[in-house]
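In what follows, every heavy atom counts, from backbone to side chain, and hydrogens, waters and symmetry copies are set aside. Everything quoted here is computed from the prediction, not taken from an experiment.
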Amino acid sequence: MDVLEDYLAGVRAHGAVFCQSVAAPPWAVRFSDPAPLALGAMLRGESWIVRAGLEPVPVRERGVVLVRGLRPFTVADRPDTEPQVVIDGAENCWTTAGGPATAVDNLVLGPRTYGFSPDGSDLFVTAEYPLRGDVSERLLKALPEVAVIPSEPEFAPLLDLLAAEIGREEPGQQVILDRLLDLLLVRALRSWFARPDVEAPPGYRALADPRIGQALRLMHEHPARPWTVAALGAEVGMSRAVFARRFAALVGQPPLVYLTEWRMAIAADLLRAPGSTVAAVARRVGYADGFAFSNAFKRVRGMPPSDLIRSSR
């Protein structure tokens with residue numbers, strides 16, 4: 001188990017919405033109601049991601065892009081091309097010339113494939129993740145609104161398989177596409193967070209350190225244990241003081257601050273589950289009683305856990 005694996009626990013694709021856009025310049029597609037996280041891949045040609053308040057970002061051929069947040073964005077052949085097609089959520093699609101009343105059938109070229117002509121020179125695929133939970137939110141917060149990962153040799157087999165499968169309709173097709181999407185996302189995140197100029201999620205880069213990485217894995221695998229700084233240090237063969245200094249230097253937080261925030265992220269997801277109680281969740285994340293847990297949760301999250309239970313129901 002590692003930090004990225006935990007962050008991705010709520011990001012597994014299930015019935016993900018795919019859209020393969022075939023176009024010839026000038027072209028632009030507007031996503032007016034995107035999911036919290038969208039993944040795009042430029043299978044053929046080049047494009048730009050345009051979003052209000054941000055500089056347009058180019059996506060070269062065979063590149064992958066992650067778009068975070070619920071704000072609309074446009075994929076276009078040039079930054080100044082006006083949108084010709086609007087995609088509004090998973091169900092609605094229309095041309096700007098005809099407005100929302102335009103039937104999506106006018107643009108259908110095949111399964112999950114849309115455009116004005118099947119002979120377009122550019123091919124762009126998008127898929128959306130309905131992220132759920134506070135644990136996954138920690139991953140989102142580490143991403144910029146638009147993250148472009150240039151073409152890499154490791155992407156080639158995944159992109160080739162995606163291109164072959166996205167237009168098919170055979171038994172198990174959605175499962176194949178969902179798993180391909182998961183593989184692409186993990187590969188893209190690994191490439192993005194490996195960049196020296198990128199701020200990775202808390203603890204991500206510290207996994208490379210044999211001792212601090214082991215301490216992080218212990219906290220993630222066994223969050224309910226009554227950990228102390230001394231106990232964690234002993235588990236990885238370090239003195240309390242040396243462990244505390246090295247952990248803070250690599251992770252950016254003291255060990256018990258990191259542990260508390262991780263416990264509260266897990267707790268928030270557990271509190272949203274049907275039939276959850278404060279006392280039961282408290283025990284799951286290492287608190288002997290609901291009172292101590294409630295105080296910790298309110299201090300970290302700014303609200304009592306009972307409020308989260310009520311809002312979820």
Hey, are the side chains of [X] and [Y] touching, using non-hydrogen atoms and a 4.5 Å cut-off?
X	Y	result
Gln20	Phe124	no
Val85	Thr96	no
Val198	Trp192	yes
Asp178	Phe18	yes
Arg211	Phe243	no
Leu162	Leu158	no
Leu232	Met238	no
Val75	Ser21	no

So which atom in [X] and which in [Y] form the shortest heavy-atom distance, rounded to 0.1 Å?
X	Y	answer
Val148	Val57	CG2-CG1, 3.3 Å
Arg30	Pro72	NH2-CB, 3.4 Å
Pro111	Arg168	CB-O, 4.2 Å
Val236	Ala215	CG1-N, 3.8 Å
Trp27	Glu46	CZ2-O, 4.1 Å
Val64	Ala188	CG1-CB, 4.1 Å

Any salt bridge linking [X] with [Y]? Criterion: basic side-chain nitrogen under 4.0 Å from a carboxylate oxygen.
X	Y	value
Glu145	Arg71	yes
Asp289	Arg283	no
Arg62	Glu152	no

How long is the span from the [atom1] atom in [X] to the [atom2] atom in [Y], to the nearest 0.5 Å?
X	Y	atom1	atom2	value
Leu123	Glu61	CG	CD	9.5 Å
Leu259	His222	CG	NE2	12.5 Å
Ile212	Arg217	CD1	CZ	11.5 Å
Glu235	Met219	CD	CE	11.0 Å
Phe31	Thr74	CZ	OG1	9.0 Å
Leu161	Ile166	CG	CD1	11.5 Å

| message | Is the terminal nitrogen or CZ of Arg263 (NZ for Lys, CZ for Arg) located under 6.0 angstrom from the six-membered ring centre of Tyr287 and within 45° of that ring's axis? | response |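 Arg263 over Tyr287 ring: yes.
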Applying the 4.5 Å side-chain criterion to the ILVMFWY set and letting contacts propagate, would [X] and [Y] be lumped into a single cluster?
X	Y	result
Leu39	Val175	no
Val257	Val242	no
Val59	Val50	no
Leu54	Val67	yes
Ile266	Met303	yes

| request: For the pair Ile149 and Val65, evaluate side-chain contact (heavy atoms from CB on, under 4.5 Å) and give the outcome as yes or no after the intermediate values. | output: CA-CA 6 Å; Ile149 300 92; Val65 58; over 6 Å; no
| query | Picking from Leu183, Asp182, Leu181, Leu189, what satisfies side-chain contact (heavy atoms from CB on, under 4.5 Å) with Leu185? | reply |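 Looking at Leu183, Asp182, Leu181, Leu189, the match for Leu185 under the side-chain contact (heavy atoms from CB on, under 4.5 Å) is Leu189.
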| request: Report the C-alpha separation of Asp122 and Val22 in whole Å, then their side-chain angles, then the decisive distance to 0.1 Å, and conclude whether the side-chain contact (heavy atoms from CB on, under 4.5 Å) test is met. | output: CA-CA 6 Å; Asp122 298 339; Val22 184; over 6 Å; no
Determine yes or no for a side-chain-to-main-chain donor-acceptor pair under 3.5 angstrom, with [X] supplying the side chain and [Y] the backbone.
X	Y	answer
Arg68	Leu143	yes
Arg240	Thr228	no
Arg205	Phe193	yes
Ser294	Gly290	yes
Glu128	Ala38	no
Arg44	Ser121	yes

| request: Go through the steps to decide whether Gln173 and Glu165 satisfy the test side-chain hydrogen bond (donor to acceptor under 3.5 Å, both in side chains), and finish with yes or no. | output: CA-CA 8 Å; Gln173 198 66 38; Glu165 294 288 346; 2.7 Å; yes
| request: Under the side-chain contact (heavy atoms from CB on, under 4.5 Å) rule, what do Asp77 and Trp48 come out as? Steps first, then yes or no, please. | output: CA-CA 6 Å; Asp77 71 310; Trp48 291 79; over 6 Å; no
| request: Could you go through the side-chain contact (heavy atoms from CB on, under 4.5 Å) check for Glu169 and Arg112 one step at a time? | output: CA-CA 10 Å; Glu169 282 291 16; Arg112 308 174 194 84; 3.5 Å; yes
Looking at [X], I'd like to know if its [atom1] atom is crowded, meaning that more than 12 non-hydrogen atoms belonging to other residues, nucleotides or ligands lie closer than 6.0 Å.
X	atom1	result
Arg78	CZ	no
Glu154	CD	yes
Glu55	CD	no

| What is the ring orientation for His220 with Tyr258, classed by angle as parallel under 30°, tilted 30 to 60°, or perpendicular over 60°? |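 Tilted: the ring planes of His220 and Tyr258 meet at 30° to 60°.
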| said: Could you go through Ser276 and Arg272, starting from their C-alpha distance and side-chain angles, then the distance that decides it, and tell me whether this counts as side-chain hydrogen bond (donor to acceptor under 3.5 Å, both in side chains)? | reply: CA-CA 7 Å; Ser276 63; Arg272 294 189 181 96; over 6 Å; no
